[in-house]
Every structure is written in C-alpha cells, then in structure tokens.
Q: 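Starting off with a structure, shown below.
Since we're looking at a predicted model, the values are computed, not measured. The first residue of the sequence shown is numbered 1, and numbering continues consecutively from there. Any value given below was found using the heavy atoms of this structure, including those in side chains, with hydrogens, waters and symmetry copies removed. All ligand and atom numbering here is 1-based and tracks the order in the structure.
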Amino acid sequence: MESIMKGIRDGASVLDMDPKSTVGGGVEDPYGEDRATEDQLVTPWTISIASGSSLLRDPHHNKGLAFAEKERDAHYLRGLLPPIVMSQELQEKKLMNSIRQYQVPLQKYMALMDLQERNERLFYKLLIDNVEELLPVVYTPTVGEACQKYGSIFRRPQGLYISLKEKGKILEVLKNWPERSIQVIVVTDGERILGLGDLGCQGMGIPVGKLALYTALGGVRPSACLPITIDVGTNNEALLNDEFYIGLRQKRATGKEYAELLEEFMSAVKQNYGEKIIIQFEDFANHNAFDLLAKYGTSHLVFNDDIQGTASVVLAGVVAALKLIGGNLAEHTFLFLGAGEAGTGIAELIALEMSKQTKVPLEETRKKIWLVDSKGLIVSSRKDSLQHFKKPWAHEHEPVNNLLDAVKAIKPTVLIGSSGVGRTFTKEVIEAVASFNEKPLILALSNPTSQSECTAEEAYNWTKGRAIFASGSPFDPVEYNGKVFVPGQSNNAYIFPGFGLGLVISGAIRVHDDMLLAASEALANQVTQENFDKGLIYPPFSNIRKISAHIAANVAAKAYELGVATRLPRPQNLVKYAESCMYTPVYRNYR
Ligand SMILES: O=C([O-])CC(=O)C(=O)O
Ligand SMILES: [Mg+2]
C-alpha cells in the first residue's frame, strides 16, 4: 500500500536551491500548500512515503487527527482515525494543556520526546510557539537529568551510536542512517556532559537536544540534522554498575585507540556527506576538545560549541552590557573561575575583540583577562605545569590560591563562572566584587542549574540589587526590595542555531574566528532599549528565529568576505534570504 506523494520532504530545504522557487526553494508556504508546478515536482523532490497505518507511524509525515477528509481517502486512512478532523492549532493547545499537567520536568521531557517521535511537525510547532516555556524542558536544565537517567527512560534510538565495536565500519554505520542529505551533525563522546561530568553513552540526550534547537531556533530542516554519540567507554563507576546503562561497559579508551576512532569518524563523515557538512563538537572533555578543534579545524567544517559558541554568546552579552555598566570593552578587567573550554574560549574571543577595537596586539589585550582554576590564579610562575590552553593566560603576578583572594587582588569589573562547579561564587566573593563596582557584571555560566556558580537570587541579594546578572541555565525573576529583576540567559543556544544556518546558507567550508565575532555582533545588536531598561543584556528567546536570521546573515556575510563561502552568487539581502530558508512546522497538504 505505497502511495506516491509529491511534495517537499519537510518544507524548505535550506541549501542547493533558488530562493524564488517554491520547490525546495526555501520559501515556506504559510498554508502548507505545495504550490509548485507539476514539472518542478520531479526528483529529487518527488518522494515516496508510506500510506495507511504506516503513514500514521511515520513521524515526518504523520498529522494525527489533522488529516483532512480528502487525505484520509487518498492515503488509505479511512477508519484508522476517529471521525473528527482537528486543526494543528487545536492539537497544539491540547498538547500544551497535557504537558502543563505534569509536575515533574522529566515527565514533560518524556512527553515531548514521545511527540517528536510521533508527529515531528507538531513537536516543532509547540517548541517554536512556546520557546521560553519549553526550552528548559528539551534543553538545560532538564536535558541534564534526562542524560543521567537516559538508560532508564530509553525507548527508541534518536541518533547514531558509534562505539569501539564499529571501528573499521563507521562509513557503513553512517549509511544505515535513513536520511541522506545531512547538513549538521552534533557529536559528543559523553565525557563532560554540561557540568555533570562523564555520562558515557547516555550523553546522547545532548546532541538530540541541540539539534532540536537547530530546527526550532535556527530553522534547519529536521531531516538534515544527525545526532551522534561516540562511545569509547566511560569512567563513571555508577553507570558501569547500572544494569540499565546503554553504553559499552568498559573504561574509556584513550590515546591512539581514541584518536584512531575519531580519525575514522571524521574521514567517514566527510566522505559520506562532503565538505560542507557541519560537525559540531559538544561536551567533550577539555583534553580532547582543544586537540580535536585544532586538528580538524583546517580540514573540516568543525565548530566546538563549548569553546566557540559559548565564547560568542558571552562576548555578545558583555558588549551589550557596556550600555548598562559603562566604558569600552578594553577598559574592563575580567576574572574567570574555570579555565577549561568555556573559560579560555571566552577569554580569547574577548581579547580578540579588544585587540580589533583598540589595535593593541592580542598579547597585550589578554592581560586584561585573568583566570582562576582549581589551583588558584593562573600566573607566570605556574607556566611549566599548565595545560597548553591555559598558558596564554599566565600573566605576571604573585601566586594567589583562591577565588576570593584573586577577586581582591585583581579587582575585576566582570566576574565570569565557567567552572562547572555549583555555588562557588560565595557571599564573600560577590560582596567583594560589589565593593568596588557600582554595577558588577556577573555571569554564572555553568549548567545545569545545580552547577551554576550562584543563583540569580544570590547575585541580586548580595549586591543589593546592583548586579547585572546572567546565567547559563534559566532562573526565574527575583524580587529584591520591592523591585523585580529579570536574569538573562547566557547560553550558546542563542548562537549555534543561527551560526549553523549562516554556514549552511553560504555553503561555508571553514569556520573562522571572525565569524564568531560576526555572530556576537549580530546578537548584541538585537538587544533593544526596552530590554536594557529591564536590565537585560540578551533579547528574549521569544524572538529567537528573527535573531537567528540576523546571526546567520552576519555569519554568511563574513564567510563571503573571507572567501570560504561556496554558494554563489551571494544573495543580496542575506537576512531575507536566511528567513526564507527557515523550516516552518506547518503541516503540508498531501492531496
Ligand atoms: O548545553 C548547554 O546548555 C550549554 C553548553 O553547551 C554546556 O553547558 O555544555
Ligand atoms: Mg555543551
């Protein structure tokens, strides 16, 4: 009972098409009609999909009760559905009602994952229309808990698992994935999931969640997104002893064995998908993250979200915050707690921007930025024993062995937490920062909420309401002295979906630091006076698709300028073009 359906697989295909054409042409029809003419509808956009009960089980095409009478006739659905025909809007209302009944966030997460597997368009419609409410469910903090319990809540695979068992066969494994035209891969090896540590194979929740945002926030087609978890074992004893653990039951492979598997993976990906495939590294441990980025940054289109995405979002927040705290970027002094991927990545991008603004060499601008790690302030006398990514931050200073003393010695105007360790911005630390800043900028970036360096309430209380505060995971508004303070969310979710879209629409083949600066600039420009008046340094997520289009346009423009864009000719109006390419989850008509 196969029926041929002529139409676009899931709406606008972002790449390889003419924006004026309605076929794969990026222009989404708000009414879900495929208006293309018959002869435009030839392969590759003519597709064959299941009908009847298989159609109801195909999440890409299933519309549930929204199948119209004619569709029910044409696709053998008569009798398989109750008589009512329900609009997508009413389905959305019904699902939001039921999700709101759940008290436990993990139950909401599971309900949403079930929906994604049942009816993809409805899932994305919910996520897009209710982004502020649902982001904390499909993303941080709930996705962290989901990863911790992934074995127990596992129902169906949502991405590709590549373990040591697949060594020598990775290309074949990639070919097992049902979709062909992949544009973005998010890959993790599970060693540093948010600030929760080594969750091994159960890290899969992260690529799945990140890619859901690629679609909902950045408009990349769901069928172009591929979540991958590389399983080389785990050093997490609790997981190794958990009877429901889904990964390899062995200690992590390292050294040559690890490098060879990654090498095979990287070349198989390029061989299978070509050089324009985006590979986003996510939640690798420091010791692998920097090396992988350096090794593959010159041969592949790679992007490390924790180093580069986080850097770009924080730079945007800092630049926007200058409107509230005053001064130029180079006039500020930065102190970080945490000198890993996020800390050093952010520090470097801030130093780079300072250097561009002031024409002062990078080696000099770096001196405005100080980092504290588990052993204290990073200073030149520690240089020999430092990991390579910390060395640029080893400035001349006498040793200081804790954060509080470092705050007193350095007197930062901006305090940034990138440690992965919760509650490390103590009352003394925050009070010290507040003692020499009228408006201290405090960013507690570690995720999920349990790992945040301080809470929003602490930041406002301990600074007597003077802090400009943002955190990686969301906090509710706080009332202090009769005034309501709305904390911002400084999370790479603002950046990577639009950044990726920018790479896709320009056909970029490499990521360059200037593209990260371009993304930051676009995001900072989206903060309105109304946002500033509320003390916000980021625009609300409710506008994220517009924000992503602006980020994409700025990134694409930079890719053209740098000569790494392959999609020619360059579209004139890149913002409009980006918008026109974005996937929308409105149901298609199958008639
Ligand atoms: O996933 C997030 O919320 C941000 C991020 O990349 C991380 O914390 O590793
Ligand atoms: Mg991450």
Q: Testing the 3.5 Å rule here: is there a donor-acceptor pair between the side chains of Tyr538 and Asn491?
A: no
Q: Is a salt bridge present between Glu257 and Arg252, judged by a nitrogen-to-oxygen distance below 4.0 Å?
A: no
Q: Charged N to carboxylate O below 4.0 Å: is that the case for Glu453 and Arg423?
A: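 The answer is no: the pair does not qualify as a salt bridge.
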Q: Among protein heavy atoms, which sits nearest to atom 3 (O) of ligand 1, and what does the distance come to when rounded to 0.1 Å?
A: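 Here the nearest protein heavy atom works out to Asn491 ND2, 2.8 Å.
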Q: Could you say whether the N/O atoms of Thr140 and ligand 1 ever approach to under 3.5 Å?
A: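 For ligand 1, there is no N or O atom that lies under 3.5 Å from one belonging to Thr140.
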Q: Within the 4.0 Å heavy-atom shell around Asp305, which atoms of ligand 1 are there?
A: 6 (O)
Q: Could you identify the single nearest non-hydrogen protein atom to atom 9 (O) of ligand 1 and state the distance to 0.1 Å?
A: Arg192 NH2, 2.5 Å
Q: Are any non-hydrogen side-chain atoms of Tyr460 and Pro487 less than 4.5 angstrom apart?
A: yes
Q: Under a 3.5 Å threshold, yes or no: a donor from one side chain and an acceptor from the other, between His287 and Gln387?
A: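 Note: His287 and Gln387 side chains miss the donor-acceptor criterion.
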Q: Looking at Asp291 and Lys295, is any side-chain nitrogen of the basic one under 4.0 Å from a carboxylate oxygen of the acidic one?
A: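 Salt bridge absent between Lys295 and Asp291.
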Q: Hey, which atoms in ligand 1 end up nearer than 4.0 Å to a heavy atom of Glu282?
A: 6 (O)
Q: Name the closest protein heavy atom to atom 8 (O) of ligand 1, giving the residue it belongs to and the distance to 0.1 Å.
A: Asn447 ND2, 2.8 Å
Q: Does one side chain, of Gln526 or Lys546, offer a donor that lies under 3.5 Å from an acceptor on the other?
A: yes
Q: Using a 4.0 Å cutoff against the non-hydrogen atoms of Lys210, which atoms of ligand 1 qualify?
A: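 Here the atoms of ligand 1 in question are 1 (O), 2 (C), 4 (C), 5 (C), 6 (O).
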Q: Under a 3.5 Å threshold, yes or no: a donor from one side chain and an acceptor from the other, between Thr142 and Glu145?
A: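 Result is no, nothing qualifies.
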Q: Between Ser471 and Ser452, do the side chains contain an N or O donor and an N or O acceptor separated by less than 3.5 Å?
A: no
Q: Looking at Lys210, Glu282, Gln308, which hits side-chain hydrogen bond (donor to acceptor under 3.5 Å, both in side chains) with Asn492?
A: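 Looking at Lys210, Glu282, Gln308, the match for Asn492 under the side-chain hydrogen bond (donor to acceptor under 3.5 Å, both in side chains) is Lys210.
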Q: Backbone, side chain, both or neither: what part of Asp306 comes under 4.0 angstrom of ligand 1, heavy atoms only?
A: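 For Asp306, the contact with ligand 1 is made by the side chain alone.
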Q: Check which protein N, O or S atoms are less than 2.8 Å from the Mg ion (ligand 2) and report how many there are.
A: 3
Q: Could you point out which residue of Asp283, Asn288, Asp198 forms a side-chain hydrogen bond (donor to acceptor under 3.5 Å, both in side chains) with Arg192?
A: Asp283
Q: Identify the protein heavy atom lying closest to atom 5 (C) of ligand 1, giving its residue, its atom name and the separation to 0.1 Å.
A: Asn492 ND2, 3.5 Å
Q: Identify the closest protein heavy atom to atom 2 (C) of ligand 1: which residue and atom is it, and at what distance?
A: Tyr139 OH, 3.2 Å
